[in-house]
Amino acid sequence: MFMAKRQIQISHPALGDEEWQALREPLFSGWVTQGPRVREFEMLFAERHQVKHALAVSNCTTALHLALLAAGIGPGDEVLVPAFTWVATANAVLYCNAKPVFVDIDPLTFNIDPSKIRDKITSNTKAIIPVHLFGLCADMDAVRKASVGLKIIEDAACAAGASYKGVPAGGLGDAGCFSFHPRKSVTTGEGGMITTNDDELAHKIDVMRNHGASVSEEQRHKGPKPYVLPAFEVLGFNYRMTDLQGAIGAVQIRKLDSYIDTRQKWAEYYNAAFSGIPWIRTPRVGKDYRHGWQSYVVHIDESRSPLKRNDIMEFLQSRGISTRPGTHAVHMLDFYKDKYGIRSADFPEAETANNASMAIPLHNKMTREDFDYVIDSIQSIG
Ligand SMILES: Cc1ncc(COP(=O)(O)O)c(C=O)c1O
């Protein structure tokens, strides 16, 4: 049996001794739910992303849910979402009993195509969720221009540290939602963050993430009357982040820029290596963008490649190299197809991206030998 020379994962969290040490304090203090370490993480995150407020939550899906609710999205409302994104972007809209309305993407960036937004706006449209896919910001000036009057909730799940025209992701709309899932460049196991410059939105989110309580658990326990339960004036959720995650996040966020710089260097290494292969289109990054490089995703032109995209993925797997489709076209998933009677071809660019995109390994635990092995393996295809 052929044994692969190396095993290279699509992603591997860059966690180590510092994160391990940071867990001691909350573990030994006994304060393990949302508390001082979450606050520290939030403060560092807000500072890095140049926003007034950062509110930690349990993951990016719950972040999107809360951001939409706080923005007033509810039954009967329509919310525009790109057709090519992780399913959670659209699911969060349904959690609010609103309707996700798909918009096709720009094939060169995999992000929402601003020229297709206006046609989708009806009298029921209340918000848009531009996704900064794989760490590349959507063209936010064009999105804003096409979305006048709509709330803009950035799905920045992949975009910690990314920026557009010098403004960090998370400060480009009314609110931004981030993920700290292990496939992201900084991770807390699971975790999310909502950023905003809007005080009222921040207050609503703060209350809703904690069961609708008007006072946080930490404030109450450490205050003069811990025995007095707070008022509950709105429907809330338990979407809190733990202080164990907060402690890890506070360490991770300090390393974000060095992680991105390293990823940028290797992304350029890949770009140069693949520039001579006519059937690979490497990621396009305009001069206004700082890519966060959550993933390195290429487009396979099957009309010119010796193998189909799926066969390329199978070949690379046999060499120990993990790949994934960039993400999926949500309108092609059974649940959405059946619910709304959508055809795959209704969003042709999202359909193509679904079938032709391929993420290859890019993470902060990879060595030069790993990158060279991936490159040699792809070049050997022809
Ligand atoms: C674009 C996008 N949105 C939302 C999410 C959901 O994030 P989480 O897993 O933290 O809920 C993801 C996760 O991969 C994502 O890629």
Side-chain angles (χ1 to χ4, degrees), residues 9-13 41 45 54-69 79-96 100 102-103 105-106 109-112 127-138 140 143 152-162 169-170 172-173 175-195 205 209 237-242 245-246 248-249 252-253 283 291-297 322 324-331 333 336 350 353-354 357 359 362-363:
Q9 295 178 37
I10 188 73
S11 179
H12 191 96
F41 182 29
F45 199 89
L55 298 115
V57 288
S58 48
N59 55 62
C60 184
T61 308
T62 54
L64 288 164
H65 185 193
L66 287 190
L68 288 165
L69 285 177
V79 177
L80 306 184
V81 298
F84 187 61
T85 178
W86 187 243
V87 66
T89 316
N91 286 350
V93 177
L94 282 175
Y95 300 161
C96 302
F102 296 106
V103 180
I105 58 156
D106 174 347
T109 62
F110 296 119
N111 279 329
I112 196 163
I128 181 166
I129 309 180
V131 179
H132 306 321
L133 208 57
F134 314 134
L136 179 71
C137 288
M140 290 303 291
V143 167
I152 299 179
I153 310 295
E154 295 167 74
D155 182 337
C158 311
L172 294 161
C177 301
F178 293 82
S179 172
F180 307 116
H181 177 273
R183 264 202 75 185
K184 311 303 187 243
S185 45
V186 288
T187 184
T188 56
E190 298 280 355
M193 192 72 79
I194 308 173
T195 53
I205 290 164
R209 70 175 162 174
F237 307 84
N238 180 356
Y239 284 174
R240 291 180 306 238
M241 175 181 272
T242 69
Q245 293 165 299
I248 294 172
Q252 286 269 289
I253 189 69
H291 204 309
W293 294 116
Q294 179 261 338
S295 290
Y296 183 93
V297 179
S322 293
R324 300 281 185 277
T327 183
H328 44 208
V330 179
H331 76 287
L333 301 176
Y336 282 95
N354 184 80
S357 63
L362 175 69
H363 58 78

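Since the structure is predicted, the reported quantities are computational estimates derived from the model, not experimental observations. Just the heavy atoms: all of them, side chains too, but no hydrogens, waters or symmetry mates, feed the values below. Ligands are counted one by one from 1 in listed order, and the atoms in each one are counted from 1 as well.
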Q | With N91 via side-chain hydrogen bond (donor to acceptor under 3.5 Å, both in side chains) - residues at least two apart | A | Y336
Q. Where is the tightest heavy-atom contact between H132 and C158, given as atom of each residue plus distance?
A. O-CB, 3.8 Å
Q. Are any side-chain N or O atoms of E154 and backbone N or O atoms of L172, one a donor and one an acceptor, separated by less than 3.5 Å?
A. yes
Q) Side chains of R324 and S357: donor-acceptor distance under 3.5 Å anywhere? A) no
**Q.** salt bridge (Lys or Arg N to Asp or Glu O under 4.0 Å) against R240, all qualifying residues, sequence neighbours excluded
**A.** E217
Any protein N/O atoms within less than 3.5 Å of an N/O atom in ligand 1? List the atom names and distances, or say none.
unit_1   : atom_1 : unit_2 : atom_2 : d
ligand 1 : 3 (N)  : D155   : OD1    : 3.2
ligand 1 : 3 (N)  : D155   : OD2    : 2.7
ligand 1 : 10 (O) : C60    : N      : 2.9
ligand 1 : 10 (O) : S179   : OG     : 2.7
ligand 1 : 11 (O) : N59    : OD1    : 3.4
ligand 1 : 11 (O) : C60    : N      : 3.3
ligand 1 : 11 (O) : T61    : N      : 3.0
ligand 1 : 11 (O) : T61    : OG1    : 2.5
ligand 1 : 14 (O) : K184   : NZ     : 2.7

Q.
T187: which residues meet the side-chain hydrogen bond (donor to acceptor under 3.5 Å, both in side chains) condition with it, sequence neighbours left out?
A. none
